[in-house]
Novice: 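After the structure tokens below, expect a handful of questions from me.
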Amino acid sequence: MALQTNNQRDSFTSKAGVIAAAAGSAIGLGNIWRFPYVAGENGGGAFLLIYIGFIVLIGAPVMLSEFLIGRSTQSNPVGAFKRLAPRSYWHLTGFLGISAAFFILAFYTTVSGWTLEYLFLAFSDGFAGKDAATLNTNFELFRTSGLRPLLWQNIFMVFTAFIVFKGIKNGIEKYTKILMPLLLLIIIILSVRSVTLPGASEGLLFLFKPDFSKITGKVVLEALGQSFFSLSIGMGTLITYGSYIGKKENLGHTALSVSAADTAIAILAGVAIFPAVFAFGIAPESGAGLVFITLPLIFDQMAGGYFFALIFFVLLSIAALTSTISVLEVVVAYLSEELKLGRKKATILAASSVALLGVACTMSQGPWSVLGIGDRDLFDLLELVSANVMLPVGGLLIVLFVGWFMPKPLLFAELSNEGKLRARFKYTYLFIIRFIAPVAIAFVFLHGLGFFSLFGGGDL
Ligand code: PHE
């Protein structure tokens with residue numbers, strides 16, 4: 001059983017292309033900027049353990065579910081639900097994803113803009129001879145200055161739009177296939193450098209030795225949010241990419257490889273960052289500024305620092321770019337397929353409307369700090385709501401849909417490529433997405449928000 005296919009559609013051309021693009025989406029600032037700082041704030045080793053548990057038990061199955069929805073319908077997230085469940089409300093899940101795309105891109109391009117500034121600083125040897133206090137002040141001055149971060153942010157948006165503009169085969173696939181191997185190489189070089197620093201073992205202990213007394217409802221929810229954010233799941237990015245995957249690819253393998261690659265890169269980022277953080281006596285809980293304040297300090301103090309700083313910020317920019325294109329593609333696919341705008345018009349419209357929210361987000365860091373609630377500015381709110389609320393809710397709806405509503409013959413046909421693959425894991429997968437994943441997501445989510453306080457949740 002299969003839905004009618006559309007041969008006119010742009011698509012990925014090879015297995016390597018699919019993996020590069022999907023891993024490119026997953027591997028991003030989430031791994032290199034967000035994972036180390038969230039792990040640092042939530043206890044290190046214990047967080048890592050729960051995080052990996054969520055990737056295996058929930059993340060990879062949600063990813064596979066998105067691929068299945070996308071490839072079987074060859075549609076954007078809204079169109080996909082409309083095809084699979086006509087005359088129902090399921091397509092609102094697609095709209096939830098499109099709103100999440102706006103939220104994520106807004107704060108993500110803010111951080112991507114910081115990355116470009118720091119790449120520029122690294123290039124011009126701007127960290128030389130600065131102590132921690134100066135680097136901290138400089139980061140704060142830059143972040144809150146309005147115009148300069150705004151400029152970088154929009155330059156980044158233009159790069160993103162340029163690739164998306166070119167389409168799947170000649171844009172996304174082509175660039176991710178070049179950039180992803182480069183990224184892998186750079187992160188390996190950095191990790192080797194970091195673990196060979198004197199005193200590195202303390203950082204490795206922090207990352208790998210679980211301290212279970214650190215686990216609270218908040219830590220568990222943060223781990224769930226981080227696993228969704230890092231895998232790019234819960235908002236239709238991988239429904240969209242799935243819609244461009246050829247009928248011969250093994251979706252189960254693809255989901256597993258991408259999840260494994262994403263986790264490996266997050267751990268490598270931890271290995272690159274924590275030993276250095278500890279070797280130079282910096283607090284691992286330094287928050288969102290961790291890679292922008294502590295790393296320049298570390299680079300300045302270590303042999304070959306100029307070179308390592310440069311490649312680190314190249315790494316961060318590449319990682320960010322291969323992710324922002326996947327988020328923008330969600331909006332572009334929707335606009336071009338559902339509203340029948342041409343790809344070029346859709347890209348311009350999507351990029352410029354996202355940029356507007358992005359402006360507000362960057363400005364909320366300084367000049368427009370009134371944009372916020374309590375001590376959280378717009379940036380913090382967008383990050384918190386998208387990662388810890390929208391993605392888990394989206395993921396919950398996706399597994400419920402595939403587990404309980406998608407016609408079983410269609411689901412199994414898609415999993416096994418019309419019977420050509422054995423797909424022996426199909427009943428385990430079905431059991432996970434019907435029972436384990438939904439219950440776990442709902443529990444962690446409600447608990448983290450403080451609905452029940454079994455082990456003290458609710459302090460988001
Ligand atoms: N996974 C990306 C990262 O880790 C961020 C992302 C989230 C991309 C959601 C797409 C969708 O940086």
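Remember, it's 1-based here, ligands and their atoms both numbered in the order they're listed. No hydrogens, no waters, no symmetry mates; every other heavy atom, side chains included, goes into these values.
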Novice: Indicate, as side chain, backbone, both or neither, the part of Arg34 found under 4.0 angstrom from ligand 1 when only non-hydrogen atoms are considered.
Specialist: neither
Novice: Would you call Leu116 and Phe313 a side-chain contact if the rule is heavy atoms closer than 4.5 Å?
Specialist: no
Novice: Who's the nearest protein heavy-atom neighbour of atom 11 (C) of ligand 1, and how far?
Specialist: Thr237 OG1, 3.3 Å
Novice: So does Glu338 pair up with Lys82, basic N to acidic O under 4.0 Å?
Specialist: yes
Novice: Any nitrogen or oxygen of Met235, side chain or backbone, less than 3.5 Å from one on ligand 1?
Specialist: no
Novice: Out of all atoms in ligand 1, which are within 4.0 Å of some heavy atom of Ser230? Include the element for each.
Specialist: 1 (N), 4 (O)
Novice: Which atoms form the tightest heavy-atom contact between Ala21 and Ile172, and what is the distance?
Specialist: CB-CG2, 4.0 Å
Novice: Side chain or backbone of Ile233 under 4.0 Å from ligand 1, or both, or neither, by non-hydrogen atoms?
Specialist: neither
Novice: Ion pair present between Glu41 and Lys218, side-chain N to carboxylate O less than 4.0 angstrom?
Specialist: no
Novice: Quick one: nearest non-hydrogen protein atom to atom 12 (O) of ligand 1, plus distance?
Specialist: Tyr108 OH, 2.4 Å
Novice: Which residue in the set Tyr244, Tyr334, Tyr241 passes side-chain hydrogen bond (donor to acceptor under 3.5 Å, both in side chains) when paired with Glu329?
Specialist: Tyr244
Novice: Give me the nearest non-hydrogen protein atom to atom 9 (C) of ligand 1 as residue plus atom name, then the distance to 0.1 Å.
Specialist: Ser232 CA, 3.6 Å
Novice: Under 4.0 Å from a heavy atom of Leu29: which atoms of ligand 1 are those, numbered in the order shown and with their elements?
Specialist: 12 (O)
Novice: Using distance alone, decide if ligand 1 has a nitrogen or oxygen within less than 3.5 Å of any nitrogen or oxygen in Ala26.
Specialist: yes
Novice: Give the atoms of ligand 1, by number and element, whose distance to some non-hydrogen atom of Ile104 is under 4.0 Å.
Specialist: 9 (C)
Novice: State whether Glu414 and Lys247 are salt-bridged, where the test is any N-O pair (Lys NZ or Arg NE/NH1/NH2 against Asp/Glu carboxylate O) under 4.0 Å.
Specialist: yes
Novice: Centres of the Phe81 and Tyr89 rings: under 6.0 Å?
Specialist: no
Novice: Hey, what do you get for OG (Ser232) to CD1 (Ile27), rounding to the nearest 0.5 Å?
Specialist: 9.5 Å
Novice: If we only count N/O pairs under 3.5 Å, is Ser326 in contact with ligand 1?
Specialist: no
Novice: Within the structure, does Gly30 bring an N/O atom to less than 3.5 angstrom of an N/O atom in ligand 1?
Specialist: yes
Novice: Using 30° and 60° as the class boundaries, would you call the ring planes of Phe312 and Phe299 parallel, tilted or perpendicular?
Specialist: tilted
Novice: Return the closest protein heavy atom for atom 2 (C) of ligand 1 as residue, atom name and distance.
Specialist: Ser25 O, 3.2 Å
Novice: Under 3.5 Å between some N or O of ligand 1 and some N or O of Asn31?
Specialist: yes
Novice: Do Phe127 and Leu295 have side chains that get closer than 4.5 Å, going by heavy atoms?
Specialist: no
Novice: Can you tell me the protein heavy atom closest to atom 7 (C) of ligand 1 and the distance?
Specialist: Phe229 O, 3.3 Å
